[in-house]
Amino acid sequence: MEKTKFLDAADINIEYAAQLIKNGQVVGVPTETVYGLAADALNPDAVKTIFAVKGRPADNPLIVHISSIKSVEKLAHDVPELFYVLADKFWPGPLTMIVPKNDIIPDVTSGGLDTIALRMPSNPVMRKLIELCGPIAAPSANTSGYPSPTKVSHVLHDLDGKIPAVIDYGNCKFGVESTVICFDDEKTVRILRPGNITPEMFKDAGITVVLDDAVINGVKENEKVKSPGMKYKHYSPKANLVILEGDDLRVAEFIFEKCRGNDFCLIPMGMKHEHFSCRYVCYEDDPINMACNIYDNLRELDELGAKNVYVYPPEKIGVGLAVYNRLLRAAGFEVIKL
Ligand code: TXA
Ligand code: MG
């Protein structure tokens, strides 16, 4: 394929991208979380192309993006009342909800599962595309396993020449993927992937919420996972990452004593220390900005040629939990306890 066409978000370009999608092609698109790789969710061949372009395992299902609550009935059945309560509260936005799927959704889209993940995004370009094309299946627009893209340059780094076009909408507002939930029962939400809709936000809304154990502890061998994405190494740069677990002082001591020469550390801005003898990349101190930039930070480590990276993750509260989860997974759950 030729070079990927770089489109700005003018209406004419959105219409052009919609035409490509309707013709069964895949296009890089902005969302408020990360850039997505969009295809017609109801066209099995188009959806297969997504898997091929990303190198994504066939059993890892895609999120279907909608722009109207009316689409839910068409795509899913036995939808609990709580789904609509949450849709009312958090849609359009970074929340994905899993419900039983209707036959109209091809098996390739749902990775062979009988459920479907639904999300109503807020990004205006993505919404217009959905209005023009119908439901859009879109995973993050990165090579499978690599950090997700939060800028067009990230999409092109991974997929230039593999997709016909990408629409630019600047940096993504949130920077980590949507919160993914399923329903344990009529009243209980289970978080399978943390994001900007935080456990605290569910609690504040009076909703019972449980955090799936795999979010923090990973998937045990032979365990049946509730979300296939949980079992794959993900969000990882080429560099080998190790998580440092302990208080600020111990972590600073470890970095001071053990990290040398070609080692890197990934630490909060506030921890920067002129006496560290290794190189470092810093992430933002406040969780919202931290989330916005974390994938760019991970990609930067590769650009700097980092081989070994020691990571001091943020606290597991609020949006910090989502960043913690991505870093832990980028490190393949390799942790040094201090
Ligand atoms: O913010 C987002 O969610 C972005 C933007 C583009 O919307 N999309 C995204 O998609 O992150 P992806 O494919 O990179 O991640 C989707 C996650 C995967 O971990 C997948 O296993 C899980 O959602 N998932 C999708 N359908 C599911 C289902 N039916 N049951 C359980 N997990 C599901
Ligand atoms: Mg992804």
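Just so you know, ligand 1 is whichever comes first in the structure, and atom 1 is the first atom listed for that ligand.
- Of all atoms in ligand 1, listed by their number and element, those nearer than 4.0 Å to a heavy atom of A117 are 25 (C), 26 (N), 27 (C).
- Distances below 4.0 Å separate heavy atoms of T33 from the following atoms of ligand 1: 1 (O), 2 (C), 4 (C), 5 (C).
- Between the side chains of Y146 and D302, a donor-acceptor pair is found at a separation under 3.5 Å.
- At a heavy-atom distance under 4.0 Å, no atom of K101 approaches ligand 1.
- Contacts with ligand 1 closer than 4.0 Å are made by no heavy atom of E32, backbone or side chain.
- Within the listing of ligand 1, atoms 6 (C), 8 (N), 10 (O) sit less than 4.0 angstrom from a heavy atom of A138.
- Between D160 and K3 there is a salt bridge, with a side-chain nitrogen of the basic residue lying less than 4.0 Å from a carboxylate oxygen of the acidic one.
- When only interatomic distances are considered, the shortest N/O to N/O separation between Y35 and ligand 1 does not fall below 3.5 Å.
- Against a heavy-atom cut-off of under 4.0 Å, K226 is close to the following atoms of ligand 1: 31 (C).
- Side chains of R326 and S148: a donor-acceptor N/O pair is absent below 3.5 angstrom, by distance only.
- At least one heavy atom of R56 sits less than 4.0 Å from an atom of ligand 1.
- Under the 4.5 Å side-chain heavy-atom criterion for Ile, Leu, Val, Met, Phe, Trp and Tyr, V125 and I63 are members of distinct hydrophobic clusters.
- Linking ILVMFWY side-chain heavy atoms closer than 4.5 Å, directly or via other members, places L20 and F51 in a single hydrophobic cluster.
- The protein heavy-atom contact nearest to atom 22 (C) of ligand 1 is S227 OG, 3.4 Å.
- Taking atom 7 (O) of ligand 1 as the reference point, the nearest protein heavy-atom neighbour is H65 NE2, 2.6 Å.
- Near G36, the atoms of ligand 1 lying under 4.0 angstrom from a non-hydrogen atom of the residue are 6 (C).
- The nearest protein atom to atom 10 (O) of ligand 1, hydrogens excluded, is given as P139 CA, 3.4 Å; this is a heavy-atom distance.
- Within ligand 1, counting atoms from 1 as listed, the ones closer than 4.0 Å to a heavy atom of N60 are 18 (C), 20 (C), 21 (O).
- The protein atom (non-hydrogen) at minimum distance from atom 16 (C) of ligand 1 is I63 CD1, 3.6 Å.
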query = Given the rule in the side-chain contact (heavy atoms from CB on, under 4.5 Å) test, do Y169 and M126 qualify, once you have shown the distances and angles that lead to the verdict?
reply = CA-CA 10 Å; Y169 199 75; M126 184 63 167; over 6 Å; no
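- In terms of polar-atom proximity, defined here as any N/O pair under 3.5 Å, S178 does make such a contact with ligand 1.
- Near L113, meaning under 4.0 Å from one of its heavy atoms, ligand 1 places the atoms 28 (C), 29 (N), 30 (N).
- Atom 27 (C) of ligand 1 has its closest protein heavy atom at P61 CG, 3.3 Å.
- Salt-bridge annotation for R299 and D158: present, with a side-chain N of the basic residue lying under 4.0 Å from a carboxylate O of the acidic one.
- A pairwise comparison of heavy atoms in C172 and P149 identifies SG-O, 4.3 Å as the closest pair.
- Listed for the N171 side chain is no donor-acceptor partner under 3.5 Å among the backbone atoms of K151.
- Atom numbering of ligand 1 starts at 1 in the shown order; those under 4.0 Å from a heavy atom of G229 are 19 (O), 21 (O).
- E334 contributes no side-chain N or O that, together with a main-chain N or O of V242, makes up a donor-acceptor pair within less than 3.5 Å.
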inquiry  = Does H154 form a side-chain contact (heavy atoms from CB on, under 4.5 Å) with Y35? I'd like the steps, not just the answer.
reply    = CA-CA 9 Å; H154 297 163; Y35 276 82; over 6 Å; no
inquiry  = Evaluate T179 against R119 for side-chain contact (heavy atoms from CB on, under 4.5 Å), listing each step before the verdict.
reply    = CA-CA 10 Å; T179 304; R119 169 160 119 79; over 6 Å; no
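- The nearest N, O or S atom of Y235 is not closer to the Mg ion (ligand 2) than 2.8 Å.
- Considering only non-hydrogen protein atoms, atom 29 (N) of ligand 1 sits nearest to T115 OG1, 3.0 Å.
- Closest to atom 17 (C) of ligand 1, if we only count protein heavy atoms, is R193 NH1, 3.7 Å.
- Shortest contact from atom 14 (O) of ligand 1 to any protein heavy atom: S140 OG, 3.1 Å.
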V72 vs Y84, side-chain contact (heavy atoms from CB on, under 4.5 Å): CA-CA, chis, key distance, verdict = CA-CA 10 Å; V72 175; Y84 291 100; 3.5 Å; yes
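- No hydrogens or angles considered: a donor-acceptor pair under 3.5 Å links the side chains of R260 and S277.
- Of the candidates V34, N142, T109, L192, V34 brings a heavy atom nearest to atom 4 (C) of ligand 1.
- Which of L95, L62, I98, T31 comes nearest to atom 31 (C) of ligand 1 through a heavy atom is settled by distance: it is I98.
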